[in-house]
Engineer: 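There's a structure below that I have some questions on.
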Amino acid sequence: MNFGLLIALGGWILAVLQFVYSFYKDKKEKEKIRQLEIEAKNAGEQLALIRSRAKGPYWMPLEASYGTIYVTNNGRPGMCSAREGSCVLSARNPDVAHLEAGSAVLFLIDNNKGADVREVAFKSDIKELHLETEPQINGAHGCEFLVFEYEPEKYGKRVEFDVSFESSDGHQDTHTYEMIYGQHKLRRLRPASVSAG
């Protein structure tokens, strides 16, 4: 038997095995690196989502009931009744279907432990939608409210609006909300709340 041939053949077999092992190991390492990159990207997206939730407003319908809401009208303070049948959408007056087209609606909101915003802009087909806060006068409650011009043809329909904001610490983002038009119903769609998944 030729030992040189056996040694050469063994060397070739060993070289092939090393090549196969090396190829398999590299492939596994590349898969592992790709998986880590995907996990890092997902973690980054989750962190951005958490930051977006934490640094933005979290508006919900205000459940507290007040008899009077103070407003600013042409730079002067005024009052608006929050009782049933008024233009104020609240827990006490959950529906404004009775209003005439073009009437101003005040939708009382609660910032439910969300961040305060110093600047806000709306993108929506809700006419004249904007945010106001009660003026700082004696008897006011510090309520925030969405104000819009009533359009009867939208009553009861789901409408979405985007809120671009800058929070008090300088964070800028855009959230999407949905309301049932003309009713005391509002929820944030994006970023979704934890309970919404």
Side-chain angles (χ1 to χ4, degrees), residues 35-66 68-80 82 87-94 104-149 158-197:
Q35 184 63 35
L36 288 172
E37 287 171 346
I38 290 170
E39 288 174 11
K41 180 183 174 202
N42 289 343
E45 289 171 356
Q46 284 296 323
L47 184 60
L49 184 61
I50 290 168
R51 187 178 304 116
S52 179
R53 285 186 192 128
K55 293 187 174 275
Y58 186 54
W59 296 336
M60 298 177 70
L62 182 68
E63 294 302 325
S65 293
Y66 301 112
T68 303
I69 302 300
Y70 293 89
V71 295
T72 304
N73 190 0
N74 296 325
R76 297 172 48 148
M79 294 187 302
C80 187
C87 65
V88 178
L89 267 172
S90 65
R92 182 180 279 186
N93 187 43
V105 176
L106 284 66
F107 188 122
L108 298 182
I109 58 173
D110 179 8
N111 194 10
N112 200 28
K113 299 184 182 176
D116 291 329
V117 294
R118 60 179 170 208
E119 200 171 318
V120 65
F122 292 89
K123 181 179 177 188
S124 172
D125 65 347
I126 300 172
K127 208 170 194 179
E128 301 296 324
L129 179 64
H130 62 281
L131 177 70
E132 289 188 21
T133 303
E134 274 189 303
Q136 294 181 344
I137 58 176
N138 207 10
H141 313 285
C143 291
E144 289 183 304
F145 40 92
L146 300 173
V147 180
F148 55 94
E149 192 175 306
R158 294 181 187 280
V159 291
E160 291 184 15
F161 58 92
D162 290 333
V163 182
S164 297
F165 62 88
E166 182 173 317
S167 61
S168 57
D169 68 354
H171 177 77
Q172 296 178 344
D173 207 340
T174 299
H175 289 182
T176 302
Y177 283 83
E178 173 187 71
M179 76 162 61
I180 305 300
Y181 194 89
Q183 298 176 11
H184 193 233
K185 296 179 181 175
L186 175 73
R187 72 182 180 115
R188 188 177 68 193
L189 295 177
R190 289 177 292 281
S193 65
V194 174
S195 62

Engineer: Show your reasoning for whether side-chain hydrogen bond (donor to acceptor under 3.5 Å, both in side chains) applies to T176 and D162.
Structural biologist: CA-CA 4 Å; T176 302; D162 290 333; 2.7 Å; yes
Engineer: Within the structure provided, determine whether P61 and K185 are in side-chain contact (heavy-atom separation under 4.5 Å).
Structural biologist: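 A side-chain contact is absent here, since even the closest heavy-atom pair is not under 4.5 Å.
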Engineer: Taking atom CD of Q183 and atom CZ of R158, what is their separation to the nearest 0.5 Å?
Structural biologist: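 CZ of R158 is found 9.5 Å from CD of Q183.
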Engineer: What verdict does the side-chain hydrogen bond (donor to acceptor under 3.5 Å, both in side chains) test give for E128 and H130, after you've listed the backbone C-alpha separation in whole Å, the side-chain angles of each residue and the deciding distance to 0.1 Å?
Structural biologist: CA-CA 6 Å; E128 301 296 324; H130 62 281; 5.6 Å; no
Engineer: Is the shortest side-chain N to carboxylate O distance from K55 to D169 below 4.0 Å?
Structural biologist: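 Counted as a salt bridge, because a side-chain N and a carboxylate O are separated by less than 4.0 Å.
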Engineer: Give the minimum heavy-atom separation between E144 and N111, together with the two atoms involved.
Structural biologist: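 The answer is OE1-CB, 3.8 Å.
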Engineer: Answer yes or no: is there a donor N or O on one side and an acceptor on the other, between the side chain of R187 and the main chain of E178, under 3.5 Å?
Structural biologist: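 No; zero donor-acceptor contacts below 3.5 Å.
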Engineer: Among F165, F161, F107, find the one that has a ring pair (Phe, Tyr, Trp, His ring centres under 6.0 Å) with Y177.
Structural biologist: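 Only one option passes, and that is F161.
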Engineer: So which atom in E63 and which in A91 form the shortest heavy-atom distance, rounded to 0.1 Å?
Structural biologist: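 That closest heavy-atom pairing would be O-CB, 3.3 Å.
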Engineer: Tell me, do V71 and F145 make a side-chain contact under 4.5 Å, heavy atoms counted?
Structural biologist: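 When only atoms from C-beta onward are counted, F145 and V71 do touch, with a gap below 4.5 Å.
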Engineer: Does C87 reach the side chain of L106, with side-chain heavy atoms less than 4.5 Å apart?
Structural biologist: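 Of all side-chain heavy-atom pairs linking L106 with C87, at least one is under 4.5 Å.
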Engineer: For residues C143 and I69, report the shortest heavy-atom separation together with the two atoms involved.
Structural biologist: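 Heavy atoms of C143 and I69 come nearest at SG-CD1, 4.2 Å.
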Engineer: Can you check whether P135 reaches Y70 side chain to side chain, under 4.5 Å on heavy atoms?
Structural biologist: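 P135 reaches Y70 side chain to side chain.
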Engineer: Rounded to the nearest 0.5 Å, what separation is found between the OG atom of S167 and the CG atom of D116?
Structural biologist: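 CG of D116 is found 9.0 Å from OG of S167.
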Engineer: Please report the shortest heavy-atom distance between M179 and L146, naming the atom on each side.
Structural biologist: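 Looking at all heavy atoms of both residues, the shortest contact is CE-CD1, 4.3 Å.
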Engineer: Measuring from atom OG of S164 to atom CZ of F122, what distance do you get when rounded to the nearest 0.5 angstrom?
Structural biologist: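 Result: 9.5 Å between the selected atoms.
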Engineer: Quick one: OG on S90 to CD1 on I109, what's the gap to the nearest 0.5 Å?
Structural biologist: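 CD1 of I109 is found 13.5 Å from OG of S90.
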Engineer: Do L131 and V120 have side chains that approach each other closer than 4.5 Å (heavy atoms only, starting at C-beta)?
Structural biologist: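 Yes; the side chains approach each other to less than 4.5 Å.
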Engineer: May I ask you to decide if A64's main-chain N or O and H141's side chain share a donor-acceptor pair within less than 3.5 Å?
Structural biologist: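 No; judged by distance alone, with no hydrogens or angles, the pair does not exist.
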Engineer: If you compare all heavy atoms of W59 against all heavy atoms of P57, which two are closest, and at what distance to 0.1 Å?
Structural biologist: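 In this case the closest contact between W59 and P57 is NE1-CB, 3.4 Å.
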Engineer: Mind listing the closest non-hydrogen atom pair of T68 and E134 along with its distance?
Structural biologist: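 For T68 and E134, the tightest heavy-atom pair comes out as O-OE2, 4.2 Å.
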Engineer: Check for a donor-acceptor pair, side chain of E119 on one end and backbone N or O of E166 on the other, with a separation under 3.5 Å.
Structural biologist: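 Such a contact is absent between E119 side chain and E166 backbone.
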Engineer: Mark yes or no for whether N93, through its side chain, and V88, through its backbone, hold a donor-acceptor pair below 3.5 Å.
Structural biologist: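 Side chain of N93 to backbone of V88: a pair is present.
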Engineer: Quick one: which of L129, V163, V159 gives a side-chain contact (heavy atoms from CB on, under 4.5 Å) with S124?
Structural biologist: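 Result for side-chain contact (heavy atoms from CB on, under 4.5 Å) with S124: L129.
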Engineer: Can we say K123 and E160 salt-bridge, meaning some charged N sits less than 4.0 Å from an Asp/Glu carboxylate O?
Structural biologist: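 No salt bridge links K123 with E160.
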Engineer: Can a donor-acceptor pair be found, under 3.5 Å and without considering hydrogens, that links the side chain of N112 to the backbone of M60?
Structural biologist: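 No.
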Engineer: Any non-hydrogen side-chain atom of V105 less than 4.5 Å from a side-chain atom of L89?
Structural biologist: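 When only atoms from C-beta onward are counted, L89 and V105 do touch, with a gap below 4.5 Å.
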